[in-house]
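Presented below is the structure to which this report refers.
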Amino acid sequence: MAYGWREVFESSRLVPPHSQTVRLAADKHSSRSHGFQLSLSRLTTAPRPEEVSDLEQDLTYQLRVTLFDRNHQHFFGKTWKSPPQKMKNNKISFNEVLYFHTSLQLPSTVVVLELVSLSPRPDGSQQALGRGFTVLELFTNRPEAQTADGDRRLNLHHGSPRSLLHPLLKDTVDYSSLLKSIDGAHLICVVKSHPALVTMMQLLPENILVSGDENIPGLAASPAGDALLRPQLLKMLPFTLNRLTISLQPSLEKFESQLLQLINADCHNTKQPGPEGTARTVVIQERRLHVGVHNGWCFLENPQVVVLEPLTSGVRGRADGTSKQSTLTKDSSATSSLPQTLALRSNLELQLTNHQALAVIFQLEYVFSAPIGRETMLSTTSTPRAAFLQCLRWGIWGPFQDSADWKGEEIQLVLQGGAKPNPHGVMVYSTEPFAKTPSPVPLSAPGTAQVSEAKDMIMFRLSSSLERKASSPKASLKTKQEDVSYQRRSPSSPSKGHKYIPAVSPPGSPQGPGACSAVTNIAHLEMALQVDKDVSPSAQDEGDQLQELPFTPVHAPVITLGLNAPSSCSVSSRSSMAHIHSAGFPDILDYSGQVAEVLDPTEPVPFDPQREETDPLQGDLLVFQFLAFTRIPTAGVGPDWPDNIYFTFQFYRFPPVTSQQLRLLTSDKVQQKAGDPLPCVMTTINKDGTVNSGSPGLQVQFKVDEGFLRPREKRWFLRYMALHTMHIDIWDSDSLLLIGSTAIQLKYMLRHGKSAVQALHEVEVLTTDYVGDDTLLASADVGRHSASNPMTVQTILRGRLHIRTGNIGCPVDPSRRRAADVMPPPPHIITPRKVTGGFRGGSLCSRNILQLNARNAAQAQRLHRDESYVPLSRRGIRADTITPAEHVLNEPDGGRRKLNRMAAVHQREGKEDVKAPKVTDRTKEARLARELQPIKPCEEHNKTEAISMMLSQAITTQHLLYTSLGSAEYMEFVLKNPFNVPQTITIHSDDSELSVITNTEEWRYFKALTKTPTSLEENMFHLDKSAPGPRLYLRPKESIHIPLKYQSFLCDHTMALQGPSFLPSGKGSQMAKKNLSNIVAAKTIKVTFKTDDGKPVAICQVNVEPTPHVVDQTFRLYHPELCFLKKAIRLPPWHDPTVGDPDTRTHISVRCSDPNIVCQTRMLVPGEPQDVYLKVPGSPSPHIKMFFVMVFTDKWMAAPSQIWQIYVHFMERVDISCVTGQRSCQSLVLRGKQAVRKVECFSSHPQEIKVDPEGVFVLPPAAVQELQLKVQPWRAGSRFLYVNAVDVEHRRLVTAWLLCLSVHRPVLSKAFEVSVPVGGGRGSSRKITYTNPYTSSRKFLLRSDHPDLLQFKEDKFQIGGGESYTIGLRFAPSQSPGSVEILVYVNNLEEKTEETFCVKVSYS
């Protein structure tokens, strides 16, 4: 029996799953739906007495199946009911197969099956009575959430499935312990995956159990009856919907006017009164129409969203043969009383199939713009505005219902509204205000039918796209203009020849209100969607290519420092500088013992590369002395934070450095001042935790001499020192939290011909913080505060680092220096060596081959023989049964020598048994000859390999190449045709990183860059996709230069564990640990030049020696675990000095060292900043992912202009919503690892976050420790805080949490104003009266969000019930005028806010 859309829609309504379960499944990357099959075979009940069996002969039994979420005790989906079955011999055979697909692959998702007995009633209905139920678990507790496939035997339990909603069963994993089973009753079923459902998931919603014979429009029926076993879809045909207009009654203008009046009146009633309330109104921002195809179960595709335009009925399209567009003109003959319409200028493409239950759904939606504010969402000025959606009308039309003939005719459909169920599941604006409104002056035109009652209408035409393509490939301009004119005509009433379609009656049962989604940017489909006549039919079937819209990322980009570092000017007082110099730091002395010359880091330093290169002291000893750290008071931390620190940095291409722990010492003898904190001298800490009694500070040295630098690298090193900065990260060694970062200019380490130089730097340690806008607790949009709110990037000053840099010149060996510098430049031209001699004959031993190539020598070893080649004498056959003379006669001359060698080997290895009887010499020779027989074929094979190797080495040219990450190395190989006939050579490289330059422009660029004086030939290579490489033609005896390029973007990403280093015993405390470099191992690449017959004519063997690369800048990013990180890094402005026009934009491209990371940049319009976009796959906490990003400013990416080192710290995300000044609690779970650990938890803001347990606690292996967070923030908005669990013995990170705080402002009870004079050093005192609202005595606590500006006379007080207390306030003085709002919190002993006062302080 076939059903229409209405019957299918009524029977397919479902209950959605719990929102938290959906979010949990999405977080576990199980958002993709999977299909499953559930087979129900038979159910066995307990034996019953005969008298009971006789009474229940007329009973039938039914099985009901429903999905259940046991974590939230929530039934969801739709209950499936089996056909009634009779019981025979205490068994009920159902033999039903159910199908469903779900993305909630969680252990909490189960299937509940209930057995129901059906008995007839006198009125013909049936009475259902529960006979027991059971629970089927679908998914296991494994993290991959695989289905628990296989046969199941489920015991039935007493009672009804409603018992699963009992509070005692909440969070219960095993129901068998609380539910009583029915003896002897069980159900046999089979559950397994069904991947075939993937092809038809768009026809069926998630979490619905259906059988194979269910009516699913769009699914082809199966002859076997089970259409879902191997689902086949009906063919979808393309249709075009055009000339769409909507008319609203009594007119568009009056309809929208009355609608806005009702909305503004409702907003006026809900907001707080104010003097400016009457001037704040809601306006219409956009009119949208959702059009989708629905099969009664769900939308086949996401509905298309288009924007409608209001058109006046008096506007027509004037056809002009000389113009390509229609011109809008005012028709004077039109009356002003005609209603206005909404029209769609473009066409819509729909995919339909011939099924009577398929329908096209229309939904008219308005976007309203309303002002937002602090008091309510609609109660402030009109500058900031928010948008919200509202559905006004909807309609449904079945194109294939009741053999409707709509081809070539206009379709008119009545739109409806009100609280009726609709496919979108949203509340619709009621139609009652206009239901009885008569139509205003209907248009009486010839051939126009009169409608007795005015209704909201939608009119359109639908035609087959295939027929339109086959009818005429050419569309005249006149026809297109008529279409435009028709769209702008008033469709006030159905005209003659137009088909009138009444509204489809929706189901009468009410549906709950649907949540409107947030406003998003909709692609305006105001473009011709018709297929162009020149497009091929295959391309037409695939659809049109979508055009990309301009995109702006919502996240704030990370700003790079570029080549400019913060100036290291001294801001400390003379007393602070005296405190540092009196600490006793070691001096920096030159080679002769004199103190190095001091440079001022605030003055510019000239760079003279010629003077640096001609310096007689060519060796450099670079010294970094970390002296002191000045703490800066920061919100959320104490004044003594940090206590212990360590540093991480990398200088030039030396390995990265991780320092040991350093203690910050404060002097008790010197009096501290609030406005000028003294620097804390740093000193190293021993392994036992005691302070090192030696000289304070930390000194790290790097020696750069001819032993470290490669030939001609000195110039690049000097350029690096003159232009680059060194990035330093400062860490808290107790909590392993990042304190901040800084950068030091290295140009002050250039000696300029002096014996030694030094400079004292005082640099700021900065960190960034992402802060969102303030949110009012009483605002209507508190629950919708999400990531869509803009985040502001703030730079926070954490302290100042005092560091001394120095460079000590060292003499070098003149002979070694001349050998390194006089060496000719690296040969970019690789010329094959000329072989003057050939093979002189003789044995192919390793010594002869060694003369051709020393690299091919290897120590010979005796081969292990297989058991099948064991001599006959060792298999039990006597050797004396074989005539020895045969072997002697048949042996060649060389056989005797080989027998002697074999005998010598046996004698050396002692293989002969000393206890065995002696045999004659001839017997030994016979046995040795038999052993030699299986070795002969292997020897012949080795001869062939040796000859091939020798010939290959004769045509092989080796080239040593020093490379670094991202830098392209250019070389030219001289290839000569050794034959007297022309040859076509194919070039093949066994590594993709070494390639042939086939682009002429790229070849010319690298020749100019390397100053290679060779000729260049256009179109030299022939590229064939079937060939292993490029091909070229060579004349007889012709030589030609082949351009080659080696470039690698990959490197090793292994890194040291996070935490300070522990130096081994015997090392001085002045040196820091240097980690391994991030470079790859050396490798060998062969480029083979082969002829058409596959024989090589030349081989170029490139031996690649990777070297460490320079890191220009370091970024550290923090992100939730197992989630993609999407970040934009803003590039500094780059200008190419080689380009004469300064307005010419530099071509910028990027590459990443990790192929699993998406890294790209886009060229924007000139004048706009350019960003690098990163997409990094997530990892579990506390994993740190490190990679490099190379930025190129030249078109052919010869060498990176900058290399960035990026660290991504993945942390467990915890979302907390709280109110300022009030304490909120949140639980965390810490899981133990394989070993026992002593763990302590630290927070980034100890004054706002307390972790319980405090101090060190023991975490056993595989144990679960619950942590309690007590959050009490003082600043409103969205913030990110951090909590680390640290192994205190090994100083290693165990787990890290990222706390995403959404902090709201409290509801204010009272507001006050006070004026405080500026200057004079005197503050102001005030009083506030507080009355205890309770009848009993209470104790209260006083808190302030600005403790530096406001202090209380008493921080706590206790008053009786109904009594009053005077709160004494003391305001600190200020030296500058201004105003600030200070919040005063009256909290109880649990830090819950009782009252909040706002005090506005004006400093004047």
Side-chain angles (χ1 to χ4, degrees), residues 1-3 7-8 10-15 37-68 75 77-100 110-136 151-165 179-191 208-216 222 224-229 509:
M1 179 179 178
Y3 295 97
E7 291 79 11
V8 177
E10 287 178 351
S11 62
S12 63
R13 298 177 61 193
L14 56 91
V15 177
Q37 182 189 68
L38 176 61
S39 302
L40 307 173
S41 57
R42 68 179 183 276
L43 188 144
T44 303
T45 62
R48 296 170 299 170
E50 294 183 1
E51 59 271 16
V52 177
S53 300
D54 295 337
L55 294 175
E56 296 181 354
Q57 288 182 356
D58 297 334
L59 294 181
T60 57
Y61 294 86
Q62 189 181 63
L63 200 61
R64 300 182 178 182
V65 187
T66 314
L67 293 174
F68 180 69
F75 288 95
K78 179 178 177 291
T79 301
W80 176 86
K81 300 179 181 179
S82 70
Q85 301 291 341
K86 286 284 188 177
M87 180 185 296
K88 296 180 181 180
N89 299 327
N90 298 326
K91 295 183 179 179
I92 308 172
S93 297
F94 291 102
N95 296 327
E96 293 286 338
V97 180
L98 303 183
Y99 301 91
F100 68 100
V110 298
V111 176
V112 178
L113 303 98
E114 183 185 17
L115 179 64
V116 176
S117 64
L118 303 177
S119 59
R121 289 178 176 175
D123 58 352
S125 61
Q126 290 183 330
Q127 180 182 3
L129 180 64
R131 297 285 184 168
F133 72 98
T134 184
V135 178
L136 170 63
D151 298 341
R152 300 293 188 89
R153 179 188 176 99
L154 305 176
N155 297 325
L156 265 66
H157 305 289
H158 287 280
S160 167
R162 297 185 184 91
S163 59
L164 298 178
L165 304 179
L179 299 177
K180 184 177 180 181
S181 300
I182 303 176
D183 295 336
H186 60 270
L187 173 67
I188 303 299
C189 64
V190 179
V191 59
I208 284 193
L209 297 156
V210 294
S211 58
D213 57 353
E214 193 77 37
N215 180 24
I216 302 177
S222 175
D226 192 349
L228 294 176
L229 182 61
S509 57

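Computed over heavy atoms, backbone and side chain alike; hydrogens, waters and symmetry mates excluded.
- Here R152 contributes atom CZ and L40 contributes atom CG; the two are 12.5 Å apart, rounded to the nearest 0.5 Å.
- Residues N155 and S181 come closest through the heavy atom pair CB-OG, 4.4 Å.
- Heavy atoms only, all atoms of each residue included: L136 and L113 are closest at CB-CD1, 3.9 Å.
- Here the straight-line distance linking atom SG of C189 with atom CG of L63 works out to 9.5 Å at 0.5 Å rounding.
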Legend entry - Steps toward side chain to side chain contact (heavy atoms under 4.5 Å, CB included) verdict (V111, V65): CA-CA 7 Å; V111 176; V65 187; 3.2 Å; yes

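- Once rounded to the nearest 0.5 Å, the distance linking OH of Y99 with OG of S211 reads 9.5 Å.
- In this structure F68 satisfies the ring-ring contact (aromatic ring centres under 6.0 Å, His included) test together with F75, sequence neighbours excluded.
- Counting only heavy atoms from C-beta outward, the side chains of D226 and D213 never approach each other to under 4.5 Å.
- Atom CG of N95 has more than 12 neighbouring heavy atoms from other residues, nucleotides or ligands inside a 6.0 Å radius.
- Considering all non-hydrogen atoms of both residues, L187 and R42 come closest at CD1-O, 3.3 Å.
- Using a 4.5 Å cut-off on side-chain heavy atoms (C-beta onward), V210 and F100 make no contact.
- Heavy atoms of other residues, nucleotides or ligands lying less than 6.0 angstrom from NZ of K86 number more than 12.
- For the residue pair Y61 / Q85, no side-chain donor-acceptor distance below 3.5 Å is found, with atom types taken as modelled.
- Remark: the backbone N or O of V8 is paired with a side-chain donor or acceptor of S12 at under 3.5 angstrom.
- Closest approach of A227 and S222 over heavy atoms only: CA-CB, 3.7 Å.
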Pairs of donor and acceptor atoms involving the side chains of residues 117-124, under 3.5 Å and at least two apart or interchain, shall be tabulated with distances.
residue, atom, partner, partner atom, Å
S117, OG, L129, O, 3.3
S117, OG, R131, NE, 3.0
D123, OD1, S125, N, 3.2
D123, OD1, S125, OG, 2.7
D123, OD2, S125, OG, 3.3

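- Distance check, rounded to the nearest 0.5 Å: OG1 of T134 to CD of E114 gives 11.5 Å.
- For the residue pair G184 and H186, the shortest heavy atom distance occurs at O-ND1, 3.7 Å.
- Of the inter-residue distances, the one linking K78 atom NZ with L67 atom CG reads 12.0 Å to the nearest 0.5 angstrom.
- Of the possible polar contacts, none joining the Q62 side chain to the P84 backbone as a donor-acceptor pair under 3.5 Å is found.
- The backbone N or O of I188 sits less than 3.5 Å from a side-chain atom of S41, completing a donor-acceptor pair.
- Listed by chain and number, the residues in a side chain to side chain donor-acceptor pair (under 3.5 Å) with T79 are T66 (sequence neighbours excluded).
- Within the 4.5 Å cutoff, no side-chain heavy atoms of L154 are placed close to those of V135.
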Inset, instruction - Check the pair Q37 / V97 against side chain to side chain contact (heavy atoms under 4.5 Å, CB included), numbers first and verdict last. - result: CA-CA 7 Å; Q37 182 189 68; V97 180; 3.6 Å; yes

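- A distance of 13.5 Å separates CG of L115 from NE2 of H157, quoted to the nearest 0.5 Å.
- Residue F133 comes nearest to S163 through the heavy atom pair CZ-OG, 3.5 Å, listed as atom of the first residue, atom of the second, then distance.
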